[in-house]
Amino acid sequence: MAEWADELAARVTGPQVVNDSKTPSGTVHVGSLRGPVILDVICRALRAAGHETTFLYGVDDLDPMDAQALLTPDAVERSMGMPLAHIPDQADDGHASYARHHAQTFIDTFAHLGIQPDRYYWMSDHYAAGDMDPYIRRALDRAATVREIYRRVANVNHPEAWHPLGVICESCGRIGTTIVTGWDGERVHYECRPDLVTWARGCGHAGWVSPFGGRAKLPWNLEWAAQWSLFGVTIEPCGKDLATAGGSRDRADAISREVYEREPPIRVDYEFLNVGGRKMSTSKGHGTPAHKIVEIVPSEQLRLLFLRPRPNHAIEFDPDGSDAIPRLFDEFDRLAAASAGKSVRGELPPGYRSIFRYSLLDPAADVEAEAARFRPAFSHLALLVQIPGVDIEAHVAAEKGSSLDVAEEAILAERLAAARAWLETYAPATARMEVRRDAVPPEAAALTATQRAFLAHLAEEVPGADAAGEAWQAAIFAAAAAGGLPAGEAFRALYLAFLGRSSGPRAGWLLASLERGFVVERLRGAASGATIPA
RNA sequence: GGGCCCGUAGCUCAGCGGCAGAGCAGGGGACUUUUAAUCCUCGUGUCGUGGGUUCGAAUCCCACCGGGCCCUCCA
């Protein structure tokens, strides 16, 4: 399977306009970032293939507010059903409207992931400027065709009087509660009905009004098709919620062909991200809170997670108590190494170079230089970060063989933060280590007589008060040799005595980080088989 | 009721008409000082089930079973 985005880029000819849009309702969860990443990767692939490409992202800010939970209690009665662009910002942080505030949150999130559309457009602006007027007029003129399309494609029966338009009520300002029942070529007749929808209550006003210049808005399916014509969109991905048979995208395709007489853009349907085999959900106890993943998985690894599988494959991602996150880092590092021309074990995925390149935050990055950077293994950092008193940067530099450059220091800092966050949240118990300070761990009962003798011997031969890790390490090997104990057995004994497990971090440095008195007591306690507090 | 995705090694997945593969985990080994590092080594698994097409099927077609999701108001 060749890389899906490069395949798409090889299939098209001429300049391309890639588009998507989103309602700024206030919810941005990790799963909803797959679409934007796919869009961005398509644009990068098109440009890499030499196509002139425009990346547009729309804010559907004239859509009605329909999520009660996202409003402050006093705003519910007043604002439900109003265009998002007309609702005051709930947070007092200087945005002109609810829509602007929440659009900012996803624009910021996109930027964080290296997604940079050439232009964001606001539908409220285009309606106000009259750009949508020709499309509104045509939709009204062909209302019968639209109703027929709804019947045929979506099995939705609108009454004969229904027209495809939502008027912003002149009396109460709501758009979600109005229905247009007449069109005379210049004005529409509309009613703001109290019971049109369950989630908002119309005021009962009715009248004739011009639908142009921002006073009305097309329903979503028509608006979508109108956007394609207005902007000349050639490629537009869509999530499975819209891509389902008879769903929003099928209706928009039919409307584009039969009402606006334009072939719809190329579809790229994509599946969602499932966490633990379940739909992304922040409210259910099962699964994983979405926003936490963003805090733990840095941008480039998150991009990799989304762009690696073909879009029509659902992504299963279960970071809780698993090694899913360390593996994501490992895979990224492996792709980097391979892209740098280093030999890696095993097979590489087809198009691995593209996968790495498109995972990078900066589209203009020097891929060779990025690939060649030294990246400490995530799981190794997750270990080091748990040992007190370790100079991690020095350790990592030693691993690299030379000091870190500025970019590598930044990578290290990012990974350390990620490792700490991971250990606090998703890491399985086996990844966490803790010195058992209270008492000799019960697991130490498994120590052999030879191992106990080794511990007792070491207690007598501890290095000086200010001994560093190396001195301790030397003492360990000396004590092991003195008792005829293989080094591996000696280390196992220490880990059991201090950590209650058979493996651990470099023992010399671990012991050096603890108080000398405690170490001696513990060595003696474990050697004697005592399990009372040391 | 309609639609989509998945079912291949313990886990995550690649392969999508030509001898079943990788990573991770796991087993074994090496290493008198990086001991959760590094290096070497180990893979027969009803490719979900049953049919069909084919010289040849994990791969294409049909049916079925299992897991998950989406839509059937609006966006």
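It should be emphasised that the depicted structure is a prediction, and the values quoted were computed from it without experimental measurement. Sequence lines set the chain letters: A, B, ... in the order given, protein chains first and strands last, and positions in each chain run from 1.
Arg353(A) is linked by a side chain to side chain donor-acceptor pair (under 3.5 Å) to nothing, counting only residues two or more places apart in sequence or in another chain. Qualifying ring-ring contact (aromatic ring centres under 6.0 Å, His included) partners for Trp422(A), counting only residues two or more places apart in sequence or in other chains: Phe378(A). With sequence neighbours excluded, no residue forms a ring-ring contact (aromatic ring centres under 6.0 Å, His included) with Phe306(A). Residues passing the ring-ring contact (aromatic ring centres under 6.0 Å, His included) test with Phe110(A) are Tyr57(A), Phe106(A), sequence neighbours excluded. Under the rule for a side chain to side chain donor-acceptor pair (under 3.5 Å), Thr244(A) has no partner lying at least two apart in sequence or in another chain. Not counting sequence neighbours, His158(A) has no partner by the side chain to side chain donor-acceptor pair (under 3.5 Å) test. Partners of His86(A) by ring-ring contact (aromatic ring centres under 6.0 Å, His included), not counting sequence neighbours: none found. Residues passing the salt bridge (charged side-chain N to carboxylate O under 4.0 Å, His left out) test with Arg436(A), sequence neighbours excluded: Glu443(A).
Of the listed nucleotides (C74(B), U35(B), A75(B)), C74(B) has the atom at the smallest distance from the side chain of Asp66(A). Side-chain proximity of Arg251(A) to C74(B), A75(B), U35(B): nearest is C74(B). Proximity note for Asp323(A) (side chain, C-beta onward) versus C74(B), G23(B), C24(B): the nearest is C24(B).
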Canonical and wobble pairing (Watson-Crick, G-U, under 3.5 Å) of RNA chain B, dot-bracket with | = ((((((((.[[[[.)..(..]]]].(((((.......))))).....[[[[[..)....]]]]])))))))....

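Between Gln473(A) and the phosphate of U34(B), there is no side-chain N or O to OP1/OP2 separation shorter than 4.0 Å.
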Going 5' to 3' through nucleotides 1-8 of chain B, assign each nucleotide B (protein heavy atom under 4.0 Å from a base atom), S (under 4.0 Å only from sugar-phosphate atoms) or - (no protein heavy atom that close).
-> -BBBSS--

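Atom CG in Asp330(A) sits about 12 Å away from atom C1' in A25(B), given to the nearest Å. Across the protein-nucleic acid pair, Trp199(A) atom CH2 and C74(B) atom P stand 11 Å apart, rounded to whole Å. The separation between Phe317(A) atom CZ and C13(B) atom P is 11 Å, rounded to whole Å. Here the P atom of nucleotide G67(B) and the CD1 atom of Ile315(A) are 23 Å apart, to the nearest Å.
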Strictly under 3.5 Å: I want the nitrogen or oxygen pairs between protein and nucleotides 39-43 of chain B, one per line.
none

Which protein N or O atoms sit under 3.5 Å from an N or O of nucleotides 28-31 of chain B?
none

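With Gln301(A) contributing its side chain and Phe329(A) its backbone, the two residues share no donor-acceptor pair below 3.5 Å.
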